[in-house]
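A short worksheet on the structure shown next.
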2 protein chains.
Amino acid sequence: MGKVPVFSSLSGQNLASVAALIRRREYPKGEILFAEGDRLDDLVIVNAGSVKAYTIAPDGREQILYVFSEGDFFGERNLFDGRTAPYTLQALEEVKTCAFSREDFRALIADHPDIALAVMEALQTRIARMENALRSIGVRSVDARVSALMLEFAEKYGKPVPEGVLIRLPLSREGMANYLGIARETVSRKLGQLEAEGVIRSISGKSLLILDREALRQSAGVLS
Amino acid sequence: MGKVPVFSSLSGQNLASVAALIRRREYPKGEILFAEGDRLDDLVIVNAGSVKAYTIAPDGREQILYVFSEGDFFGERNLFDGRTAPYTLQALEEVKTCAFSREDFRALIADHPDIALAVMEALQTRIARMENALRSIGVRSVDARVSALMLEFAEKYGKPVPEGVLIRLPLSREGMANYLGIARETVSRKLGQLEAEGVIRSISGKSLLILDREALRQSAGVLS
DNA sequence: CGTTTTTTTGAAAAGTATCAAGAGAAGTGG
DNA sequence: CCACTTCTCTTGATACTTTTCAAAAAAACG
């Protein structure tokens with residue numbers, strides 16, 4: 001609880017009173033937490049594991065919008081108007097969450113302006129990330145987008161090892177393709193290319209080692 | 001002042017006290033309000049006119065991230081960590097703004113939780129729009145993106161007329177290209193195509209008439 | 001009205017998607 | 001522990017779309 005950034009300003013007594021309001025839940029890998037259009041009155045915080053948020057386009061393709069992991073939250077839209085999930089949320093692995101009702105959360109904000117600021121900050125961070133993504137998709141080539149994704153994963157899921165950064169990929173090749181909005185064959189090809197250049201090394205399909213982070217940064221920056 | 005959504009919950013006395021804190025400014029067309037990297041300690045609300053927010057990619061291309069118009073605000077990131085403009089803000093036409101200092105705004109939120117909720121809601125709306133944009137860019141074809149842009153402009157800048165919706169375009173063809181992340185020649189071609197199909201009619205280069213909104217919706221939905 | 005800028009149009013080049021088949025990994029049951 | 005099935009990933013060839021380059025046309029500006 002204390003590690004959730006949104007509540008970092010609370011302490012002692014306050015933290016306890018907040019804890020009384022939450023409802024904890026667990027979901028096994030693959031389970032759908034909420035389907036697009038489901039009623040969703042809560043603000044949900046991810047405590048462990050990771051969750052993908054996606055919609056299905058009319059042509060049947062899956063577009064992944066977010067990969068939420070520890071400390072991230074969703075459902076904040078329900079604090080205002082919407083009361084249905086704008087996308088489907090599915091556990092990529094075993095997931096633990098805690099949830100607040102809309103009313104409890106609004107009351108909490110009225111009593112603790114600090115929390116309001118913290119939520120705004122979190123929303124702001126998300127916007128900043130999306131602005132990056134937009135820049136990325138808008139201007140950058142596909143090569144650059146793949147590099148940017150590797151850097152994103154390195155920050156979120158990477159562990160430093162002597163040779164570089166080791167990543168346990170939260171998404172399959174197909175998942176990455178659906179996240180980037182490109183064909184899965186293209187993901188294979190681009191990753192193969194990066195490996196040929198010595199920038200990354202594939203370990204086991206689901207794990208991957210980044211050898212030359214600087215090269216990724218440069219490639220993600222612009223390049224063709 | 002009353003028409004700014006963020007302050008819609010205030011009234012009378014409160015509104016007056018807020019008004020005392022703001023600093024008004026005007027900028028002629030083409031002027032740079034803030035350049036990327038400039039110090040920016042304020043939250044700035046656009047009262048009239050429109051402003052484009054863009055960055056220059058390392059390869060020299062301009063990527064437009066937002067077109068802010070009446071009622072929109074920017075600089076909210078400065079309420080927290082950052083204190084520099086993350087992108088360049090330039091007036092697309094004569095613009096009037098009002099600005100709050102970081103400190104005043106934080107104090108205001110502490111006294112008026114309603115404003116905090118309203119700001120969160122505005123941020124939330126922006127996120128929703130960006131999610132749409134991401135879906136759009138990720139899954140949709142270029143045709144669909146152009147259609148989606150026309151719909152966006154129709155909502156924001158359109159006026160109903162007997163034949164359909166008349167739009168005074170805030171961006172040039174090149175501007176639209178930089179917004180969508182495609183080549184300006186492609187924008188020309190796609191708009192020409194839409195006109196040939198009888199979906200839109202070009203009036204004067206800067207104005208445009210939407211004849212068949214439903215066709216745009218369908219095209220923006222998915223299609224090839 | 002001439003000059004400059006923006007837009008349109010055409011043709012060739014580059015890149016990604018798609019289709020098809022094969023290779024590899026993971027899971028299942030004997 | 002080993003087939004066997006299934007799913008995912010890789011690789012190759014072709015087709016389609018957009019970009020790029022070049023030039024003409026149109027619009028904006030003084």
Side-chain angles (χ1 to χ4, degrees), chain A residues 28-30 52 57 59-64 92-93 136-150 168-197 200-208 219 222-224, chain B residues 28-30 52 57 59-64 92-93 136-147 149 168-197 200-208 219 222-224:
Chain A
K29 172 177 176 174
K52 73 171 174 183
D59 65 353
R61 292 175 59 166
E62 169 184 305
Q63 172 67 34
I64 298 178
L92 289 168
E93 52 192 324
S136 171
I137 292 181
V139 168
R140 292 179 201 168
S141 63
V142 168
D143 299 69
R145 279 195 255 170
V146 173
S147 296
L149 181 66
M150 291 301 108
R168 259 202 68 250
L169 295 169
L171 294 174
S172 65
R173 305 300 149 113
E174 181 161 16
M176 292 189 258
N178 292 339
Y179 194 30
L180 295 175
I182 60 182
R184 83 198 127 198
E185 292 95 329
T186 303
V187 174
S188 278
R189 279 186 253 265
K190 297 303 181 187
L191 288 181
Q193 195 176 311
L194 285 175
E195 188 158 12
E197 291 167 357
I200 64 174
R201 186 189 305 155
S202 185
I203 303 293
S204 77
K206 281 185 178 163
S207 285
L208 177 151
S219 158
V222 60
L223 220 74
S224 89
Chain B
K29 172 177 178 176
K52 73 172 174 182
D59 66 351
R61 291 176 58 167
E62 168 184 305
Q63 172 66 34
I64 298 178
L92 289 168
E93 51 192 323
S136 172
I137 291 182
V139 168
R140 293 179 200 168
S141 63
V142 168
D143 298 71
R145 279 195 255 169
V146 173
S147 296
L149 181 65
R168 260 202 66 251
L169 296 169
L171 294 174
S172 65
R173 305 300 149 109
E174 179 161 17
M176 290 188 259
N178 292 338
Y179 194 30
L180 296 174
I182 61 181
R184 78 195 134 200
E185 293 95 329
T186 304
V187 173
S188 278
R189 280 186 252 265
K190 296 304 180 188
L191 289 181
Q193 197 177 312
L194 285 175
E195 188 158 13
E197 291 166 359
I200 64 173
R201 185 189 306 154
S202 184
I203 302 292
S204 76
K206 281 187 179 162
S207 286
L208 179 151
S219 158
V222 62
L223 219 74
S224 86

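Convention: sequence-line order gives letters A, B, ...; per-chain numbering from 1. All heavy atoms count here, side chains included; hydrogens, waters and symmetry mates do not.
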Exercise. Would you say the side chain of B/Asp143 lies within less than 4.5 Å of the side chain of B/Lys190, judging by non-hydrogen atoms?
Worked result: yes
Exercise. How many Å lie between CD1 on B/Ile182 and P on D/dT20, as a whole number?
Worked result: 12 Å
Distances for protein N or O near nucleotides 3-12 of chain C N or O, under 3.5 Å:
{"unit_1": "C/dT7", "atom_1": "OP1", "unit_2": "B/Arg173", "atom_2": "N", "d": "3.0"}
{"unit_1": "C/dT8", "atom_1": "OP1", "unit_2": "B/Arg173", "atom_2": "NH1", "d": "2.9"}
{"unit_1": "C/dT8", "atom_1": "OP2", "unit_2": "B/Arg173", "atom_2": "NH1", "d": "3.4"}
{"unit_1": "C/dT8", "atom_1": "OP2", "unit_2": "B/Ser188", "atom_2": "OG", "d": "2.3"}
{"unit_1": "C/dG10", "atom_1": "N7", "unit_2": "B/Arg189", "atom_2": "NH1", "d": "3.1"}

Exercise. To the nearest angstrom, how far is A/Asn178 atom CG from D/dC9 atom P?
Worked result: 11 Å
For this session: Send over the distance from A/Leu169 CG to D/dC9 C1', rounded to a whole Å.
Result: 13 Å
Problem set entry | A/Arg189: partners by salt bridge (Lys or Arg N to Asp or Glu O under 4.0 Å), with sequence neighbours left out | none
Exercise. Through what angle, rounded to 10 degrees, does the axis of the helix from C/dC1-D/dG30 to C/dG30-D/dC1 turn between its ends, using five pairs per end?
Worked result: 50°
Exercise. Does a side-chain N or O from A/Lys190 land closer than 4.0 Å to OP1 or OP2 of C/dT16, or not?
Worked result: yes
For this session: Nearest whole angstrom, please: distance from the P of D/dA28 to the CD of B/Glu93.
Result: 16 Å
Exercise. Roughly how far, to the nearest 0.5 Å, is CG of B/Leu92 from NZ of B/Lys52?
Worked result: 6.0 Å
Exercise. Which atoms form the tightest heavy-atom contact between B/Arg184 and B/Glu174, and what is the distance?
Worked result: NH1-OE2, 3.5 Å
Exercise. Between atom CD in B/Gln193 and atom P in D/dT17, what is the gap in whole Å?
Worked result: 10 Å
Exercise. Rounded to the nearest Å, what distance is computed from the CG atom of residue A/Leu208 to the C1' atom of nucleotide D/dC9?
Worked result: 14 Å
